[in-house]
Protein chains: 2
Amino acid sequence: MDIHHLKIFVSVYKNKSFTKASEKLHISQPTISEHIKNLEKSLNCKLFDRLGRSIMPTAEADVLYPKALQILDDLDQIQEDISAAGIGVKGKLIIGASTIPGAYILPRMAYTFKKQYPDVAFEILIEDSSKITNMVLQHDLFFGIVGAKMTSEKLDYEPLIEDELVLVATPKLLPQKTITLDKLRSIPFLQREIGSGTRQTFENFLKKNTITTNTFNIVATLGSISAVKQAVKGNLGASVISRVAVQEELDSSILHEIPIINMKMKRKFYLVLQKKRTLPTQYAAFCEHMKKKY
Amino acid sequence: MDIHHLKIFVSVYKNKSFTKASEKLHISQPTISEHIKNLEKSLNCKLFDRLGRSIMPTAEADVLYPKALQILDDLDQIQEDISAAGIGVKGKLIIGASTIPGAYILPRMAYTFKKQYPDVAFEILIEDSSKITNMVLQHDLFFGIVGAKMTSEKLDYEPLIEDELVLVATPKLLPQKTITLDKLRSIPFLQREIGSGTRQTFENFLKKNTITTNTFNIVATLGSISAVKQAVKGNLGASVISRVAVQEELDSSILHEIPIINMKMKRKFYLVLQKKRTLPTQYAAFCEHMKKKY
DNA sequence: CATAGCCAATAAGGAAAAATCATGGATATT
DNA sequence: AATATCCATGATTTTTCCTTATTGGCTATG
């Protein structure tokens, strides 16, 4: 049994005539005969009594008719639903991000995006860059926002945000306007745990100057950005933190930024997604939103 | 869009592979490719991201999948419903009949039939034979039970019941065991109105003996069988009535039958139906029931 | 990093199905 | 009766569907 058969049956039933049905459907009358015959065979019943000049639907046809109509309607509905599926920007957005973007960048972007498209719901998953990237590779995420690039032919990386690691401290602890890398080593210093992206980035910058944190005056190793911030505010020491993470404190002068002479620790956050993967509408829209904003 | 396309889509979606789907469906892989391509074109969207070695359904495919399953289920359901439609003997039976069969024969048959098939409901329509026959011709009825044949190529007549017009009276009015047609004319006689089947049949029999009711001793003309019966019981006169209509009175000896010498007024009632019309199950079953009983 | 293996896309040819045209039988209409 | 209408049938053409063979992209393995 086929859609075509049902369409023809419905038309014959409506028009009570093979010929009229054939005209409405723009096919020849023998075709109608053939199809009805096949439909009758496949359903193993007679659908119309051929009375010579006229036809009469049988009891089976009366049963079939409403059901056939229903199926045809459902099919049309599918076409519409599929077309409509792409139109509205709505639904859930599950986004992976590493610590900094997940805590300080994505929430702002999500907020402005949701103002424009209220029918979206965000779910932000914070993991380290490599986990996020693997989830994208395994199709567990449509995209992620990460600070480290992995080399993979499957992935597309698009630079999203410029970030910078900055040395911060209370004005009390470090009243000076600038500092040299050398002098910094004598200052009480707070660092993140091993494996933290921020720490890794910082150590990479130090390596370029053939220095390690081993020569620093480490007063504490802390497990989160906010722990470090609290400690810095509490005057325990200075630290190197993403500017976006301390923007508020810098603006309100609770902390201040002390440029390290001859050292710029810029880094980028990237949007990572699979090259060949088609993004659902809301994801594509959010991508555009992010690229436009930054 | 076609059922076949949906079946293929569902299989690809389930197996997450064109090749596996092709094996399950016993068709070649390029055919799958082709059909999915066509489905994508007709729905104007991408359904699967081809990622090289694997494929991923897109958001549109996720929308389509449950709907496609639903439609396929519905189609199977149709097949079953149609097959099942013919099985049970149930539903409404609208049957046309002329006066005598409608009042004295059909009710008994309907009663015994309903004992066998409790899920049927009868609707008995009493009209004169020509009206019933026309309704059958116009497909307003599947069949009727009539006393008069019309010549039409479209119709099938099947003899159902032998009936006989009999002269009845109270023993008080007509104590004799037999009577001649000649003597009958002096007896007070009750007749039906013009147009009644019984009267017409009786007059046809008289015509064969070149007699009309004009020469009878008519004491009243009455509009229904029961009116005539009441009048005969009230001793107003004798009358000629279908035996089935007075069987009770004959059995209980309230009235008795006086054979008219050299006159047998047998007549038949016929089942009338359209030659080419397919009967719904309950009608076909009732037909068989009637033929078996008589 | 190169090769073998897997998967889908493409091309070309053949088989099956569907549509058409022409025709014939049946049935109303006049 | 003659005509027009309607469905069925048969022969023919067109379209669709399916297969084999091949290509090209990706991946896992040595």
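Proteins come first, then strands; the chains are lettered A, B, ... in the order of their sequence lines, and each starts at number 1.
C:dA8 atom C1' lies 15 Å from atom CG of B:Leu47, rounded to whole Å. Atom pair B:Lys275:NZ and C:dT27:C1' shows a separation of 13 Å (rounding to whole Å applied). As rounded to whole Å, 13 Å separates atom P of C:dA8 from atom CG of B:Asp49. Summarising the geometry, the separation between CD1 on B:Ile32 and P on D:dC18 is reported as 9 Å, rounded to the nearest angstrom. Regarding B:Lys16, its NZ atom lies at a distance of 19 Å from the C1' atom of C:dC6, rounded to whole Å. Between the NE2 atom of B:His35 and the P atom of C:dT10 there is a distance of 15 Å, rounded to whole Å. Atom CG of B:Leu39 is separated from atom P of D:dC17 by 12 Å (rounded to the nearest Å). Across the protein-nucleic acid pair, A:Ile8 atom CD1 and D:dC7 atom P stand 14 Å apart, rounded to whole Å.
Rounding to the nearest 0.5 angstrom, the gap separating the OG1 atom in B:Thr198 from the CD1 atom in B:Ile100 is 4.5 Å.
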Can you check each nucleotide of nucleotides 19-30 of chain D against protein heavy atoms at under 4.0 Å and return B for base, S for sugar-phosphate only, - for none, in 5' to 3' order? BBB---SSS---
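Between A:Leu25 and A:Ile32, some side-chain heavy-atom pair lies under the 4.5 Å cut-off. Proximity of A:Val10 to A:Tyr65: side-chain heavy atoms (C-beta onward) are separated by under 4.5 Å at one or more points.
Distances shorter than 4.0 Å separate none of the side-chain N or O atoms of A:Lys20 from OP1 or OP2 on D:dT5. For the pair A:His4 and C:dA17, the criterion of a side-chain N or O lying under 4.0 Å from OP1 or OP2 is not met. Between B:Thr19 and C:dA8 there is a side-chain N or O to OP1 or OP2 distance below 4.0 Å.
Two residues, A:Glu34 and B:Ser33, neighbour DNA chain C, and the one matched to the more 5' nucleotide by heavy-atom proximity is B:Ser33. Each of A:Ser54 and A:Asn38 has a nearest nucleotide on DNA chain C; the 5'-most of these lies closest to A:Asn38.
The pair B:Lys92-B:Glu123 meets the salt-bridge criterion, since a charged nitrogen lies less than 4.0 angstrom from a carboxylate oxygen.
Figure legend: cation-pi geometry between B:Lys20 and B:Phe18 absent, as NZ or CZ is not positioned both under 6.0 Å from the six-membered ring centre and within 45° of its axis. A cation-pi arrangement is absent between B:Lys207 and B:Phe205 under the rule of less than 6.0 angstrom and at most 45 degrees off the ring axis.
B:Ser17 comes within 4.0 angstrom of the backbone, heavy atoms only, and of no base.
With hydrogens and angles ignored, the 3.5 Å screen pairs no side-chain donor or acceptor of B:Asp2 with any backbone N or O of B:His5.
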